[in-house]
Amino acid sequence: MSVKQPKSAQMKERKSKIWSKLIYSRFLVILSMLALQAFLFVLFCVKLEPYTKYFFGGSIALSIIFIIYIVNKNGKNEFKITWILPVAVFPVFGIAAYWFLKANWGGLAFKKKVNNGRKITNSVLSQTDESSKTFELYPKVQDIALYLNKMGSYPTYTFTNTTYYPNGESFFPELKEELKKAKKFIFLEFFIIEPGQAFDELFEILKQKAKEGVQVRILFDSIGSIFISSKKTIDFFKSVGIDAKIFMPFVPIFDTGLNNRDHRKIIVVDGNVAFTGGLNLTDEYMNYSKKRFDYWKDSAIKINGPAVRTFTSMFLHLWNLNNKNSEDFASQLNNFVNIDYPRFEPQGAIIPYGDDAYNKCDIAEDIYSYIISKSHHYVHIMTPYVIIDNTMLNALIFAARRGVEVSIIVPMHWDHFITFCVGRRFIKTLIKNGINIYGYNRGFIHSKMFVSDGNRGTCGSVNLDYRSFDHHFECGAFMYHTPILKDMEKDFTETLKDCTLITLEEYKKIPRLQRIVGWLFKIFAPLM
């Protein structure tokens, strides 16, 4: 399926991808509305000068009422502050933008489908008796297990084997081998799928497995995978026996629901093996090619055993969002989830989990905060972005003040300019409060990994930013006393060899333009 294109065509596709992200970003909508109001404001002053005093009076009244409303509303203060500024300056359009985006009218029908599917998924997952056995062996995991079961019906498992992959070149060969072993079904879910060598290699395996009668399903995000998000692609997959779906298809009409992307990475084989992590299906992630960076540093984990059932359920949840008959979904869950799993010797506790914008809780962020709060000696983090709210910021700072060694590896080079600049503002605050920030020099670090004291950690698709915490569909696995925590810590130590400690003196060397951009746009961080 790989197609060579001239440079002009590649540039055109790249620009199309950039513009599609801009068109569907909340930030651009707000700027557009503010610009429109500025224009109407000037027009109003010129044409209706005698009535300007009534306009100003009404605007001030609207601003005061809205500010009182939003201050008393539940939610993160960072979001409130972000909205107070445009409303105070441009009341009419600021308030209109708030109700249009916050109410998320375009996502109401989708939200209902998500929540209905969640109820069915939760009922199936809650049938496991694995958790009680795990608590007997690992009683100290019960607090986080209780939270995840209450907020998402995510069970806790122990008779499960785990493997850690510190990069794409160790992950991809193992993935291909597991796919070749498939006898019943293969489920793949990615944020980004791009044509290229990596995809071609995987596609040949999937095509062969489909011929053998294995059920193959592929789910990919329409914005992340914009190069293949078309009916032609779906028809092409179908022609070789592969079922494919586009998550929330891209349409040229603005819809606020399109802000909630499928950022998850899930692969399930026969219900016995699952993979998750930060790796997308592109040549760059597998280090087959060098596009923007010399090296792409990422991570993934493989799970064998009963814990796979949670990832199977999460995949089927999104796959079946468009099904009209909920009984079909329940039947699929029972067929694909309630199977005989291979069981291993107890190897610590593991809790696969998911998070999204519709569940009225902050599961992914709470897990990160939990790991930080339970730390006594160290917390080691790898993340491509650091754009965080005060809750996360204070958790990291409080840990450092308790004497915990908090170290975070971040990219030294940017992939998204404004996001990078805003992240540097948060990094400056962390450095000032005794947290070690290391810049990755070898290429770009995309890994999303927490490990603490050798006994708690998580790996998945969740970035350390508002978009992952509040807007996207995400997934990961919390681990307690699993053997791979040592592998994750080893990877962190090895990665440090390619890093530079960013001190305040080093921060001052950041180009002035980047620091100014970060300072100007930080207030809009919750919308990025």
Original post:
Do the side-chain N and O atoms of Y341 and T160 include a donor-acceptor pair separated by under 3.5 angstrom?
Top reply: no
**OP:** Please name the residue in the list E169, E201, E204 that meets the salt bridge (charged side-chain N to carboxylate O under 4.0 Å, His left out) test with K176.
**Re:** E201
Original post:
Can you find a heavy atom in the side chain of K302 that is under 4.5 Å from one in the side chain of T162?
Top reply: no
Original post:
Can you name the one residue among L188, I246, I186 that meets side-chain contact (heavy atoms from CB on, under 4.5 Å) with I218?
Top reply: L188
Original post:
Aromatic rings Y138 and H481: how do their planes relate, parallel, tilted or perpendicular, breaks at 30° and 60°?
Top reply: parallel
Original post:
Distance under 6.0 Å and angle within 45° of the ring axis: does R343 meet both against F159?
Top reply: yes
**OP:** Please state whether the rings of F185 and F336 are parallel, tilted or perpendicular, taking 30° and 60° as the class boundaries.
**Re:** perpendicular
Original post:
Going from CD1 on I367 to CD1 on I144, what distance comes out if it is rounded to the nearest 0.5 angstrom?
Top reply: 5.5 Å
Subject >> From I397 atom CD1 to I372 atom CD1, the distance as rounded to the nearest 0.5 Å >> reply: 10.5 Å
Subject >> Enclosure of K290 NZ (heavy-atom neighbours >12, cutoff 6.0 Å) >> reply: no
**OP:** Identify which one of L279, D415, N280 satisfies the side-chain contact (heavy atoms from CB on, under 4.5 Å) criterion when paired with H446.
**Re:** N280
Subject >> I431 CD1 to L501 CG distance, which is reported to the nearest 0.5 Å >> reply: 7.5 Å
**OP:** Identify the residue among W296, Y295, F420, W414 that makes a ring-ring contact (aromatic ring centres under 6.0 Å, His included) with F444.
**Re:** W296
**OP:** Give, for atom CG of N272 and atom CZ of R309, the distance between the pair rounded to the nearest 0.5 Å.
**Re:** 12.5 Å
Original post:
Under 30°, 30 to 60°, or over 60°: which ring-plane class applies to W319 and F315, parallel, tilted or perpendicular?
Top reply: parallel
Original post:
Are F220 and F247 close enough that their ring centers fall under 6.0 Å?
Top reply: no
**OP:** Measure the acute angle between the ring planes of H472 and F191, then classify it against the limits of 30° and 60° as parallel, tilted or perpendicular.
**Re:** tilted
Original post:
Which atom names give the shortest non-hydrogen contact between D453 and H376, and what distance separates them?
Top reply: OD2-N, 2.7 Å
**OP:** Flag this pair as yes if the NZ/CZ of R402 is under 6.0 angstrom from the six-membered ring centre of F398 and inside a 45 degree cone about the axis; otherwise no.
**Re:** yes
**OP:** Look at the rings of Y370 and F478 and say which category their plane angle falls in: under 30° parallel, 30 to 60° tilted, over 60° perpendicular.
**Re:** perpendicular
Subject >> Short side-chain donor-acceptor distance under 3.5 Å, N433 and R401 >> reply: yes
Subject >> Taking every non-hydrogen atom, the tightest pair across I301 and A477 >> reply: CD1-CB, 3.8 Å
**OP:** Would you check if the distance from the ring center of F110 to the ring center of Y358 is below 6.0 Å?
**Re:** yes
Original post:
Do R264 and F473 meet the cation-pi criteria used here (NZ or CZ under 6.0 Å from the six-membered ring centre, within 45° of the axis)?
Top reply: no
Original post:
Under a 4.0 Å N-O cut-off, is there an ion pair linking D491 with K297?
Top reply: yes
